[in-house]
Number of protein chains: 2
Amino acid sequence: MSVLNRKERDRQLRRSDILKAAEHLFALKGYHKTTIRDIAKESQYATGTVYLHFKNKDDLYFGLLEEKLEHLLSIIKEKTGQVKDAKEKLEIYIREDLIFFEKNQDFFQISLLEGSELYAERRIFKSLFRLQMLEYTISMLKEAQEQGVINSGFDPEKLSDVLGSIIKTVTLKWLQEKERKAESLVSLSDTILRLFLYGAANK
Amino acid sequence: MSVLNRKERDRQLRRSDILKAAEHLFALKGYHKTTIRDIAKESQYATGTVYLHFKNKDDLYFGLLEEKLEHLLSIIKEKTGQVKDAKEKLEIYIREDLIFFEKNQDFFQISLLEGSELYAERRIFKSLFRLQMLEYTISMLKEAQEQGVINSGFDPEKLSDVLGSIIKTVTLKWLQEKERKAESLVSLSDTILRLFLYGAANK
DNA sequence: TTTAATTGTGAACACTTGTTCACAAATTAG
DNA sequence: CTAATTTGTGAACAAGTGTTCACAATTAAA
């Protein structure tokens with residue numbers, strides 16, 4: 001049994017070596033420009049070994065992406081679970097997004113850039129995670145509308161897209177100018193909330 | 001001379017045949033999945049002929065993109081040229097963007113999706129057009145701040161990104177649900193302006 | 001009409017890259 | 001320690017694709 005454990009553990013280690021290399025390279029060069037050979041080399045295995053642990057390149061990339069985003073959703077759900085106030089919920093939602101992106105900035109630098117292009121046709125991503133996240137965000141916004149925090153004139157789905165794109169845009173901008181790393185990404189969450197709720201107008 | 005003209009005209013016709021096919025295919029399948037063979041076939045020429053008119057694939061794609069966006073910028077500049085009021089300017093800016101995207105929806109369906117991924121490293125796009133558009137938008141927003149229409153607390157560059165991303169998001173959403181084509185894209189410009197200026201909050 | 005120049009053609013080239021597979025190495029079982 | 005099983009290896013395969021080029025077809029010049 002201890003043998004089986006070691007075997008399994010070694011297997012997991014190898015898998016995780018490869019995942020780590022893949023994450024690093026995808027982050028560095030994006031999906032299209034990262035080859036299986038690259039990943040094998042960086043993780044110091046042979047090309048074929050990668051296929052002992054992952055079905056194919058898509059599996060590797062989308063598995064990674066989905067894993068990360070599922071994690072984000074679970075964090076958000078957990079943190080907002082007990083909160084009743086819609087505005088506070090929104091605040092937490094934005095903040096946790098930013099904290100997560102900041103923590104995983106290497107990976108998301110490219111993922112956010114590649115944006116929707118890749119996802120447009122990948123079954124997994126389209127069906128599984130995305131819908132869940134969207135569903136959660138929409139329900140949160142609807143709640144805010146019911147509580148009178150958000151104007152009911154707006155379509156919640158559209159609002160969800162807009163909020164998501166603002167977060168994405170601000171994150172990308174932050175990532176690109178991280179030389180002057182004066183401010184942390186999460187420190188921008190107030191700005192985003194304010195912009196989303198009250199707009200850019202001068203009072 | 002009339003001979004020379006016919007020659008040149010035929011040449012332009014061929015060039016435009018190819019451009020048209022390219023536009024159609026890029027719109028349909030995106031940059032990566034459109035091959036020179038595809039373009040040649042659709043425009044009913046041989047593969048090599050494409051290279052008689054365009055240096056390479058990049059040249060074709062980015063030429064097309066840049067041409068379109070330069071056109072958009074020129075329209076915006078023209079329409080806002082005589083307008084003094086910052087809010088009205090902003091209104092026109094948004095409206096003309098939407099009109100343009102609606103008019104060129106085939107092309108932008110994919111271009112917007114592919115988003116920044118491709119551009120990240122292409123010299124031309126990075127330097128030439130993008131900066132001009134950004135510059136114009138920023139100056140417009142600064143003017144709005146000076147006129148007291150927009151809160152000076154926000155960084156104009158960030159605002160420009162956010163506004164751009166809202167327009168992009170709403171456009172993409174509209175493109176994707178164009179079955180229920182009840183509303184035109186341009187009819188959404190009020191919503192965008194309102195959202196951008198006053199936010200989603202309930203008054 | 002014949003010759004020269006231009007233009008179109010698509011097969012061939014060069015390269016990339018995801019994936020497989022026969023073989024080697026290592027590990028486990030007897 | 002030997003045989004059997006599992007696992008790792010990287011060369012080879014297959015498919016795709018941007019680009020070129022020798023040749024053919026067409027057009028212009030003489």
Margin query: Nearest whole Å is fine: how far is C:dG8 P from B:Arg11 CZ?
Written below: 8 Å
Can you check nucleotides 9-12 of chain D for protein contacts, nitrogen or oxygen pairs under 3.5 Å, and list what you find?
unit_1, atom_1, unit_2, atom_2, d
D:dT9, OP2, A:Ala46, N, 3.0
D:dT9, OP2, A:Thr49, OG1, 2.7
D:dG10, N7, A:Gly48, N, 3.3
D:dA12, N6, A:Arg37, NH2, 3.3

Item checked: Aromatic ring pairing A:Tyr31/A:Phe26, orientation class (parallel under 30°, perpendicular over 60°, tilted between) -> parallel
Item checked: Qualifying residues under salt bridge (charged side-chain N to carboxylate O under 4.0 Å, His left out), relative to B:Lys89, sequence neighbours excluded -> B:Glu143
Item checked: Euclidean distance, atom CD1 of residue B:Ile18 to atom C1' of C:dT7 [Å, nearest integer] -> 12 Å
Check: Over how many whole Å does the gap from A:Asn56 atom CG to C:dT20 atom P extend?
Finding: 8 Å
Checklist line | Length of the CG-P vector between A:Asp38 and C:dT17, whole Å | finding: 8 Å
Checklist line | Minimum-distance nucleotide (side-chain atoms of A:Tyr51 versus D:dT17, C:dT20, C:dG8) | finding: C:dT20
Margin query: So if I take every side-chain heavy atom of A:His53 and compare against D:dG8, C:dG8, D:dG18, which nucleotide ends up nearest?
Written below: D:dG8
Check: For B:Leu13 and C:dT7, what is the distance between atoms CG and C1' respectively, to the nearest whole Å?
Finding: 15 Å
Next item on the list: Measure the shortest side-chain to side-chain distance between B:Leu69 and B:Met133 over non-hydrogen atoms and say whether it is less than 4.5 angstrom.
Entry: no
Item checked: Passing option when A:Lys29 is tested against A:Asp38, A:Thr35, A:Thr34 for side-chain hydrogen bond (donor to acceptor under 3.5 Å, both in side chains) -> A:Asp38
Next item on the list: Starting from P on D:dT19, measure out to CG on B:Leu60 and report it in whole angstrom.
Entry: 10 Å
Next item on the list: Can you figure out which of D:dG18, C:dG8, D:dG8 approaches the side chain of A:Arg14 most closely?
Entry: D:dG8
Note to self: Whole angstroms only, please: what is the NE2-P distance between A:His32 and C:dG18?
What the structure shows: 10 Å
Note to self: Keeping B:Gln147 on the side-chain end and B:Lys142 on the backbone end, is there a donor-acceptor pair under 3.5 Å?
What the structure shows: no
Checklist line | Separation of D:dG18 C1' from B:Asp59 CG (nearest whole Å) | finding: 14 Å
Checklist line | Short side-chain to backbone donor-acceptor contact, B:Asp97 and B:Ile94, under 3.5 Å | finding: no
Let me have the donor-acceptor pairs involving side chains of residues 74-83 of chain A, under 3.5 Å, with sequence neighbours excluded, atom names and distances please.
unit_1, atom_1, unit_2, atom_2, d
A:Ser74, OG, A:His71, O, 2.8
A:Thr80, OG1, A:Ile76, O, 2.8
A:Thr80, OG1, A:Tyr136, OH, 2.4

